Each structure stands twice: as C-alpha cells, then as structure tokens.
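In what follows, chains are A, B, ... by sequence order, proteins preceding strands, each numbered from 1. No experiment lies behind these values; they were computed from the predicted model shown. Side chains included, hydrogens not; waters and symmetry mates left out as well; all remaining heavy atoms used.
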Protein chains: 2
Amino acid sequence: MGCEIKRCGDKEYYCTVELTLQIIGGKWKPIILWYLHTNGTQRFGELRRTMPNITQKMLTQQLRELEADGLVHREVYPQVPPKVEYSLTELGTSVVPVMRTMCEWGQSYEKAVAQAADGRDAA
Amino acid sequence: MGCEIKRCGDKEYYCTVELTLQIIGGKWKPIILWYLHTNGTQRFGELRRTMPNITQKMLTQQLRELEADGLVHREVYPQVPPKVEYSLTELGTSVVPVMRTMCEWGQSYEKAVAQAADGRDAA
DNA sequence: CGGTATCCGCGGTGATACTG
DNA sequence: CAGTATCACCGCGGATACCG
C-alpha cells in the first residue's frame, strides 16, 4: 500500500503531499504566490522589484509553470511597450490557506529551535 | 519588506513557508514522515521495504537530516547484527497536520484537474 | 517592458560496491 | 542489518547577451 505511482498531468507522485510540493515547492514559487496574494495583481516589473534576488529568467519560468498548473493568470495587453499582469486564479487563491499553515508551523519550528539553543547556552 | 534573509540554524529563507519546505520538502521526506506516522516506530529495513524505490543511501541521508532537524528520533541498539529504530519526535508529530493539509489540497487539485480534463473531452 | 537564447556550475539523486 | 564510499548523471538555478 502506498507504493503505487499516481499521475496528474505530467506529475508523478505517491502521495498528494508530493503533488502539492511539485506545484508550490521550489525556491521561488512560495514567494511569488505570497506576493501575488498580499499585493494583488502585479506587472512583471513590479514582481521583479519586489524580489531583487530572482533572475528574470527564473521569474518568467516559475510564473509560466504556475500558469500551466492553473494557479496564476497571465494577462497580456497588446501594446507598446508591452504590459503583462499576473494575478492569482481561484485555484491559486485556494493554496493560500495551505501556505499559511506551512508558515505557522515554520514559525513554531523557529521558536522550538531557538529554545533548544537557549537550553544549550544555559548548560 | 519581505526581502530580508532570515536564518534558522543552517537554513536561509525569506518566509517561514520556505523554512518548512526545507525541512519537510524534497522527494522522500514527506513519504518517510508519513510512514513513520502511520506505521509508528520502524527499523531501517522495514522502512526500506515499505519504500522499494528509494536507495539505501538516500534513505539513510534523509533520515539523518530529519534527525538533525529534530523531527525524527534514532535509537541504536548496540548488538550484532545491528538494530536501529526510527520514530517521530514530538516536533515530528507536530508536522503531521501540516502534511495532512497539503494532502487535502493536493487531492482537491487532482479533482480540479480531472474536471478540467473532462470539460475538454466533452468539448 | 517583458521577455528568449545560450552556456555553465553545482548539488541533489542514483547505481554499485564494500564494511563493522 | 544497517550502514559508508565512490563515481556519474542530470536538471535546477544563475549569468549574460540579445530581441519584438
């Protein structure tokens, strides 16, 4: 039990945890999703300025993957100079609570580690 | 805002979502944690048989990382042949709800994708 | 402005063999 | 039984340059 490989589109996984991980995991996707959620619809350049450390290539790539997975909507305005806006879809909005849960656990983990460090310092 | 890098031990992150991802993310950790939770304390060989596709090296490595992060307890019985048991710590048990949330979202995502596929087939 | 195209290093992952 | 050790691959992510 639990050893069979399942498929969803092009993604393979044993457990749906992994499926979720493939969609919102990676170095940049959580941050992108987070900013799209907190700041709302944004242009490519705005996202870029918000995340100074991501390269243009990676931002484009990750946004396209999120679009392909149905989490992000990409609106192209046919004008010069180009204008492209990104926003969360309904599906994208539905991941926010999941991310919030992960956030909260991460925070409690931070505290647990800090307390363990204090314990060692006191000893 | 949100651009500062935070640290927790050897891990760097902007948001605690990423911290969580670094701890329970990757190809094998969710499965390992899941089996440890559902099946309880297990020996190395039992875990291996449960996950036929993981290599011995990866299983060892991932278990050690989980141990270093405080999610897994490693009990070595000094005997020949060796016996080593792995179990979830309290901290490890605390991630289970997070994984459950991710599981549930993954399942709803599966359904959304399946329905979208049905829609295209009908058209 | 919002992208592609190309090249490349590094680390995550795996196959295989050996060991206390 | 439960590991190390070693070698090799490959894909993620980054740097840089060019394009409509």
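By the 6.0 Å contact criterion, CD on Glu90(A) is open, its count of non-hydrogen atoms from other residues, nucleotides or ligands being 12 or less.
Contact check, Arg48(A) against dG2(C): no side-chain N or O comes under 4.0 Å of OP1 or OP2. In this structure, Arg74(B) reaches the dG3(D) phosphate: one of its side-chain N or O atoms is under 4.0 Å from OP1 or OP2.
Evaluation of the side chain to side chain donor-acceptor pair (under 3.5 Å) rule for Glu46(B) yields no partner, not counting sequence neighbours.
Looking at Arg7(A) and Glu12(A), a side-chain N of the basic residue comes within less than 4.0 Å of a carboxylate O on the acidic one, giving a salt bridge. The pair Lys6(A)-Glu110(B) counts as a salt bridge, with a side-chain nitrogen and a carboxylate oxygen less than 4.0 angstrom apart. A salt bridge links Glu65(B) with Lys29(B): the closest approach of a Lys/Arg side-chain nitrogen to an acidic carboxylate oxygen falls below 4.0 angstrom.
As a whole-Å value, the separation of Phe44(A) CZ from dG2(C) C1' is 6 Å. Atom NZ in Lys83(B) sits roughly 13 Å away from atom P in dG3(D) (whole-Å rounding). Taking atom CD of Glu12(A) as the reference point, atom P of dG11(D) lies 13 Å away to the nearest angstrom. Regarding Trp28(B), its CH2 atom lies at a distance of 18 Å from the C1' atom of dG11(C), rounded to whole Å. Between Arg49(B) atom CZ and dA2(D) atom P the separation is 8 Å, expressed in whole Å.
The Arg43(B) side chain lies nearest to dC1(D) when the options are dG3(D), dC1(C), dC1(D). Nearest to the side chain of Val84(A), among dC1(C), dG3(C), dG20(C), sits dG3(C).
For residues 75-115 of chain B, the pairs satisfying ring pair (Phe, Tyr, Trp, His ring centres under 6.0 Å) are Trp105(B)-Tyr109(B), with sequence neighbours left out.
Note on Tyr86(B): only backbone sugar-phosphate atoms sit closer than 4.0 angstrom, heavy atoms only; bases stay farther off.
Looking at residues 54-70 of chain B, you'll see Gln56(B), Lys57(B), Thr60(B), Arg64(B) sit with a heavy atom under 4.0 Å from some atom of DNA chain D.
The 5' end of DNA chain D is approached more closely, in terms of each residue's nearest nucleotide, by Gly26(A) than by the other of Pro82(A) and Gly26(A).
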